[in-house]
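Here the structure is a predicted model, which is why all the values come from computation and not from measurement.
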Amino acid sequence: MKKNLVSALKRIGGTLMLPVIMNLAMMWLCYANGKMYFGTDKMWRTLIVDIAVSISCAMGIGLQFKNGRFDFSGGAIMLLSAIIAGNIARNMDNNLGLMVVLCVVCCVVFSLLVALFYVLARVPIIITTIGFALLYESITCLVFDGTGINIISNMTLRKFATYPAVIWPLIGVIALYAIYSYLTTSGRQATLLANNQQSAVNIGIKENRNVIVSYVFSGLIFGLATVIWIAKAKHDAAYSSMMTVGQLFSNILPVFIGLMLARFCGDTIGIIMGSITLCLLSYALNAVFASTLGSAISNICMGSFILIINVVNAQGRNMLKAIGKLLKKGVSGT
């Protein structure tokens, strides 16, 4: 009984450690610079939208990443779907329900096209997804005269980018990721495919089926992510090649944290904790520093933070042993 309690406490502590420490550190930073609104209800109402976008995009990327695939097309899929769904819904008397349906359907269809091409053409996944990213980006410059989409001031269509409505697509994303990971055969086979794809295929895992199923789920997740993301800012057509790749892959950092925390809580909750941690860091740094400087410092700190926790995760035991040896030498020397 006692052993189970200790194990449960370790899991809870490991799960909450990073977001709690980050919250306390950023609260101290903000308070020291006179930003007393950090930690208030108003802050969390604003931050929950950023957290929802981070979680949904991270889970869309992470679902393919856990299968051993880097998908560079997700950002272009979201942008093209947002432009199509947003403009059609706006032209149809600001039909919010139509926009949600179109976001999800478009993302699923565009994701399936990527999957089908990969399965049928047998072109390496990196080349396939980069090719489709460029294709979808070029299409954004053609549809609706290349004007992109801007619904920031449209209070009807931007409903799901505000609290509390944002909670619903966020719950849908988490549920879809959990269902895929724990209730589907493809999800349970993901670890084998990620570790050694050819060996997994040799022992009977059907990679083609895994690809189709995983892309349906990632399309659904990207669709719900688009419902939130579409109203966060003005989205221009992609006149610069590969511009959507960097935008989407900025959300891969919570995936790395999630995989590290998976030993305590599974990667689903781990990604949520990672997103909360990094959103707290970004929010505080942008609050304390000027907008441009805050973004630059935020990127540097995020990169350094990820590097440090991965080093600690990989070499933590060796570091503790080394510190223990130094302490013993110090004691014996005295």
Side-chain angles (χ1 to χ4, degrees), residues 48-64 71-115 129 132-133 135-137 139-144 146-177 179-180 214-238 243-245 247-248 251 275:
I48 187 63
V49 179
D50 294 330
I51 292 173
V53 171
S54 178
I55 291 173
S56 53
C57 290
M59 286 186 171
I61 301 171
L63 191 145
Q64 296 301 333
D71 186 352
F72 294 93
S73 64
I77 287 172
M78 288 178 61
L79 178 60
L80 180 56
S81 299
I83 291 173
I84 294 173
N87 280 290
I88 291 177
R90 188 169 57 188
N91 294 338
M92 298 291 290
D93 297 325
N94 296 325
N95 191 321
L96 177 61
L98 178 63
M99 189 190 78
V100 173
V101 171
L102 285 175
C103 282
V104 174
V105 170
C106 287
C107 283
V108 172
V109 170
F110 296 148
S111 294
L112 273 175
L113 289 176
V114 176
T129 55
F132 271 90
L135 173 63
Y136 291 151
E137 285 179 349
I139 295 175
T140 64
C141 303
L142 302 176
V143 295
F144 297 99
T147 55
I149 182 64
N150 181 8
I151 58 171
I152 297 175
S153 59
N154 191 319
M155 298 309 296
T156 300
L157 294 182
R158 71 186 308 268
K159 180 177 180 180
F160 287 112
T162 58
Y163 180 85
V166 71
I167 299 296
W168 296 111
L170 177 58
I171 291 174
V173 166
I174 296 171
L176 284 168
Y177 188 86
I179 289 169
Y180 175 81
S214 67
Y215 269 91
V216 169
F217 273 88
S218 65
L220 290 169
I221 290 173
F222 281 135
L224 292 177
T226 304
V227 171
I228 309 169
W229 176 77
I230 188 175
K232 279 197 87 260
K234 180 180 183 292
H235 302 294
D236 296 317
M243 63 169 283
T244 58
V245 174
Q247 293 174 356
L248 181 67
N251 294 294
S275 296

Could you check whether any side-chain heavy atom of Leu79 comes within less than 4.5 Å of a side-chain heavy atom of Trp229, counting everything from C-beta outward? yes
Spacing of CZ belonging to Phe160 relative to CD1 belonging to Ile230, to within rounding of 0.5 Å: 12.5 Å
Any Ile174 side-chain heavy atom under 4.5 Å of Met59 side chain: yes
Sub-4.5 Å side-chain heavy-atom contact between Tyr136 and Leu113: yes
Step by step, would you call Val114 with Phe72 a side chain to side chain contact (heavy atoms under 4.5 Å, CB included)? CA-CA 11 Å; Val114 176; Phe72 294 93; over 6 Å; no
Determine the minimum heavy-atom distance between Gln64 and Ser218, stating which atoms define it. NE2-OG, 3.3 Å
When every non-hydrogen atom of Cys103 is compared with those of Val227, the smallest separation belongs to CB-CG2, 3.9 Å
Search all heavy atoms of Asn251 against all heavy atoms of Ser54 and return the closest pair with its distance. OD1-CA, 3.6 Å
Closest heavy-atom pair, Tyr180 versus Ser214, reported as atoms and distance to 0.1 Å, is OH-CB, 3.4 Å
Flag for Thr129-Ser73: side-chain donor and acceptor within less than 3.5 Å: no
Minimum side-chain heavy-atom gap Val104-Phe222 below 4.5 Å: no
Would the distance check show the side chain of Ser81 and the main-chain N or O of Met78 forming a donor-acceptor pair, the cut-off being under 3.5 Å? no
Counting distance only, does the side-chain N/O of Asn94 pair as donor-acceptor with the main-chain N or O of Met155 below 3.5 Å? no
Taking C-beta and beyond as the side chain, do Val108 and Leu220 meet within less than 4.5 Å on heavy atoms? yes
Between CD1 on residue Ile55 and CG on residue Leu170, distance to nearest 0.5 Å: 5.0 Å
Give me the atom names and distance for the closest heavy-atom approach of Cys106 to Ile84. SG-CG2, 4.2 Å
How many angstroms lie between CD1 in Ile83 and CZ in Phe144, if you round to the nearest 0.5 Å? 9.0 Å
Taking the side chain as everything from C-beta on, heavy atoms only, tell me whether Asn95 gets closer than 4.5 Å to Thr156. no
When rounded to the nearest 0.5 angstrom, what distance separates OG1 in Thr226 from CG in Leu80? 10.0 Å
Once you round to the nearest 0.5 Å, how far does OG of Ser56 lie from CD1 of Ile61? 9.5 Å
Can you check whether Asp93's main-chain N or O pairs, donor with acceptor, with Asn91's side chain at less than 3.5 Å? no
Taking side chain as C-beta onward, heavy atoms only, is Leu102 less than 4.5 Å from Met99? no
If you define the side chain from C-beta out and look only at heavy atoms, does anything of Asp50 sit under 4.5 Å from Lys232? yes
Could you state the interatomic distance from CH2 (Trp168) to CD1 (Ile228), rounded to the nearest 0.5 Å? 13.0 Å
Closest heavy-atom contact between Arg90 and Ile151? NH1-CG2, 4.4 Å
